[in-house]
Amino acid sequence: MGSIPPILLLSDFGRQVCLEDRYTPAEIETKWRERWAESGLYRTPGAGGAPKYYCLEMFPYPSGNLHMGHVRNYTIGDALARFKRMQGYDVLHPMGWDSFGLPAENAGLAKGLHPARWTRENIAAMRRQLDRLGFSYDWEREVTTCLPDYYRFTQWLFLLFYRRGLAYRKKAPVNWCPKCSTVLANEQVVEGKCWRCDSDVTPRELEQWFLRITAYAQNLLDDLELLAGWPERVRTMQENWIGRSAGARIEFPLEDAGAGSWPESGSGSGERIAVYTTRADTLFGVTYLVLAPEHPLARRLADGNPELAAFLTRATAESERERTSAESEKEGVFTGAHCLHPFTGERLPVWVGNYVLYAYGTGAVMGVPAHDQRDYLFAVKYGLPVKTVVVEEGMPAGAAYEGPGVLVQSGEFTGLPSERAKTRIASALEAAGLGRTEVRYRLRDWLISRQRYWGAPIPMVYCPRCGIVPVPEADLPVRLPEAVEFKVGANPLAGVREFVETACPACGGPARRETDTCDTFICSSWYYLRYASPRADELPFRRADVDRWLPVDQYVGGVEHAVLHLLYSRFFTKVLRDAGMLGFAEPFQNLLTQGMVIKDGRKMSKSKGNVVSPDEIVARYGADTARLFILFAAPPEKDLEWSDHGVEGAARFLQRVWRLYAQGGGTGGGAAGEETPELRRLLHRTVKKVGEDLERFSFNTAISACMELVNALYAHRGEAGRTVPHATLATLAKILAPFVPFLAEEAWGSLRHAGSVHLEPWPIYDPEALVEAQVELALQVGGRVRDRITVPAAATAPEIEALTLNSARVRQYLDGKEIVRVVVVPGRLVNVVVR
RNA sequence: GCGGGCGUGGCGGAACUGGCAGACGCGUGGGAUUUAGGAUCCCAUGGGAGACCGUGAGAGUUCGAUUCUCUCCGCCCGCACCA
């Protein structure tokens, strides 16, 4: 491992010698917090020879109150950062604020506080809370997304996307949250409800800004393979969300109406209805077509068809949730129109159905009731014919058969197996100009306009002459005006004349500014890059800096961002890579998703009255106890049940550690301790285990190993005349340092060391010290332990076997039995197999 | 419905590649110290009087299964009218 960062000269470190007998975390934690801040202990190292390690935790929204979930998230990250620092890495461990967003604005409305002030004060309060917990952040790299220095580049990046054809404006049906008075991206609608406020989302047709994330669908999907360091669960969620499907687009010519059932099309219009299907092999089983209620043709056909018009109105008014629930009753109306089968020319009725989604595929499907359960239900309900075209032995009757099989009644394709039929039919369609294979994704473009004030203004201008014009880079930032009037349900920006009225950057004529702001997920899609060059003012970040620090080696955060922040950030990274600003494809090498902190089996929440406040815990027990408990109580990815008794236990352990140092390692005082072979072995074993456990985030077992060591040290010094050696105490302080930085520092100082324990190299264990001369073996007969013997570690299998068969207790159980064989597992056990 | 994960003492959890189940902590019981309480220290603590029985239930593979395979039950998470 590379060298340790240049040691800061901290003349004041470690001068006190006698610790008081009582552990007073409030005092020592205050003291070290101040000294660490003064000495710049956690400043990011400059360019050095050591390998880098970028440890990042998801930055918080400054709600004003740190909760236990944050404490857990940041304690995990901090323990890792400290461990890596001691291992000799150049560590980047920054923190910042995801500080644009609705709560600030709502607080403004409720309390009459300006969002800027509310946010600023919350940041100050949370900063104090973070400091009290002893997290080793480099605050010189603090990033605050709501400051012009930052959002200027958020806007800059928006323009970059725009230039690359990845930001565009279009009118589309969108998700509207009435409570938040704004639209939402698909990712932000969970089961038909707003992810933030849980209100039912309603559909609206609006013109909005989108980022073309779908252009990266395949890339985002493919590169999941690079993310071996991510939990499989998160990868699967992204995979599902992207939702790739390979199928075919098939076009059905509309029949000439002749009789004029739909006047517009006239005769010989050549119009076609395109459908998307993954089952082109069932093409000959089509007995009707179904359009989504939003389909333009459906709307046209509704002209002069009151029944259809009424159905469309009803169906489109249904909420997303009603529309997409699998249990919803399938309903439809015949439009009166027909189309023709591309191969047989058969007349097929065109229906409109509520179960067809406009936003997926082409917004129209072919009805194959024999081979699709939904179509089957629909056909049975409305008396449409069912035509079987795929057969398989044992396929059920009286229901749709959705599996593969062999084609029947399918013209020239009859006799082909499903899979081959799919490709053959697609090629035939393509030859006839009536279709082709096509890959579709469930992922939709990211809707990023928000009709709210507290966000980065979208840097665009509407000019009556020139149309949509981007704000020139030189004019950034487009500043958010401070003096605005807040009204419920309205975007305050629209009411600020000095903001809205502007000159067109292209022609100089009067123009109007975009008043929508960016989704705050844009701000958080690139903040991890900004930490590399936090004060760069010419660009969002410098290439050399991101080359040095990125990608993030370890990202820690909640799983709730699996298809939000984590997907958006991957998208941003890929776009910036394609723009030549970055040299890597994935921003987060390794991801650790920590579990929730729960109490009484439920998520902590104000409404349930089961919230434990970090401030109270820190005030009562100190930060070290809080950190230790959180790391010890459960493995990081699992939910953690808060336990007051457990916290007491953590505090008790730290008391024990404290006394060890306060009493100089012995009760008699003074005498230099001696290291017994047993103690030496245990110490080295502990160093090994704690290091290995930290590498795999097994904080709970690492801490339990430290506890075992401390218990052994108590036993050691309990024996007459024995004292714990100085070197042992020094090593203990080092291995405790990632978990309990304050106590470790104080302990280190008590040993008359100069400098901070947090700059010490991580101890190295001596493999030879682990070797035991004697090992205890369990002696089994028929798999049951009957005796134990201690043998030299080097004993050979035949020797061990002989000793085993010599054991009186073993022989007792062998009486009258035949020995089939003897299994010797070196160092562990012997099993005598009998019959 | 589909996919994934998890079921271990009174509780949180250990057991990493199949090898002594229950590390560590909490709780509980006992003891020491103390006028007393608290704090501290020490001992015990899966069940059973015992032979033995025990990792959700049942089967299988193996000398040996918490660990691997199959079936079932329960809980959690994700996806779900995506054509």
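To find a chain, count down the sequence lines: A is the first, B the second, and so on, and within it residues start at 1. Atom set for the values below is all heavy atoms of this structure, side chains included, hydrogens, waters and symmetry mates excluded.
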Review point. Across all strands shown, which nucleotide pairs with B:rU33 by Watson-Crick or G-U wobble geometry, both distances under 3.5 Å?
Key: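 Across all strands, not a single nucleotide pairs with B:rU33.
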
Revision key, fill the gap. On RNA chain B, more 5' by nearest nucleotide between A:E641 and A:R244 is A:E641

Practice item. Would you mind telling me which residue lines up with the more 5' stretch of RNA chain B, A:H645 or A:N831, judged by nearest nucleotide? Key: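 So the residue in question is A:H645.
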
Exercise for review: Specify the closest pair of heavy atoms between A:P349 and A:T287, including all atoms of both residues, with the distance to one decimal.
Suggested key: CD-O, 3.4 Å

Check your understanding: Step by step, would you call A:Y401 with A:D372 a side-chain hydrogen bond (donor to acceptor under 3.5 Å, both in side chains)?
Key -> CA-CA 7 Å; A:Y401 170 66; A:D372 183 288; over 6 Å; no

Point to revise | Pairs where residues 638-657 of chain A contributes a residue and the test ring-ring contact (aromatic ring centres under 6.0 Å, His included) is met, not counting sequence neighbours | key: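 Every pair satisfying ring-ring contact (aromatic ring centres under 6.0 Å, His included) with a residue in residues 638-657 of chain A: A:F629-A:W642.
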
Picking from [options], which would you name as closest to the side chain of [X]?
| X | options | answer |
| --- | --- | --- |
| A:L829 | B:rA23, B:rC77, B:rC20 | B:rC20 |
| A:V823 | B:rA83, B:rA23, B:rG19 | B:rG19 |
| A:Y276 | B:rC20, B:rA83, B:rC24 | B:rA83 |
| A:Q780 | B:rA15, B:rG19, B:rG12 | B:rG19 |
| A:K689 | B:rC16, B:rG19, B:rA83 | B:rC16 |
| A:M707 | B:rC24, B:rC20, B:rA14 | B:rC24 |
| A:F632 | B:rG13, B:rC81, B:rC24 | B:rC24 |

Exercise for review: Would you indicate, yes or no, if B:rA14 has its OP1 or OP2 atom less than 4.0 angstrom from a side-chain nitrogen or oxygen of A:N700?
Suggested key: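 So the side chain of A:N700 is within the cut-off, an N or O lying under 4.0 Å from OP1 or OP2 of B:rA14.
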
Review point. Would you say A:Y360's side chain and A:R440's backbone share a donor-acceptor pair under 3.5 angstrom?
Key: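 Judged by distance alone, no pair lies under 3.5 Å.
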
Check your understanding: Taking protein heavy atoms under 4.0 Å as touching, what does nucleotides 39-53 of chain B look like 5' to 3' if B marks base contact, S marks sugar-phosphate-only contact and - marks none?
Key -> -SSS---------SS

Point to revise | A:R656 charged N/C atom sitting above A:Y714 aromatic ring, 6.0 Å / 45° | key: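 Because its charged atom sits under 6.0 Å from the ring centre and within 45° of the axis, A:R656 does stack over A:Y714.
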
Check your understanding: Thinking salt bridges, do A:E692 and A:R696 make one under a 4.0 Å N-O criterion?
Key ->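 No, A:E692 and A:R696 are not salt-bridged.
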
Review point. Across the strands shown, which category fits A:Q373 at heavy-atom distances under 4.0 angstrom: base, sugar-phosphate, nothing?
Key: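 A:Q373: no heavy atom of the nucleic acid under 4.0 Å.
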
Review point. Will you find, in the side chains of A:S698 and A:T701, an N or O donor that is under 3.5 Å from an N or O acceptor?
Key: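 Indeed, the side chains of A:S698 and A:T701 share at least one donor-acceptor pair under 3.5 Å.
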
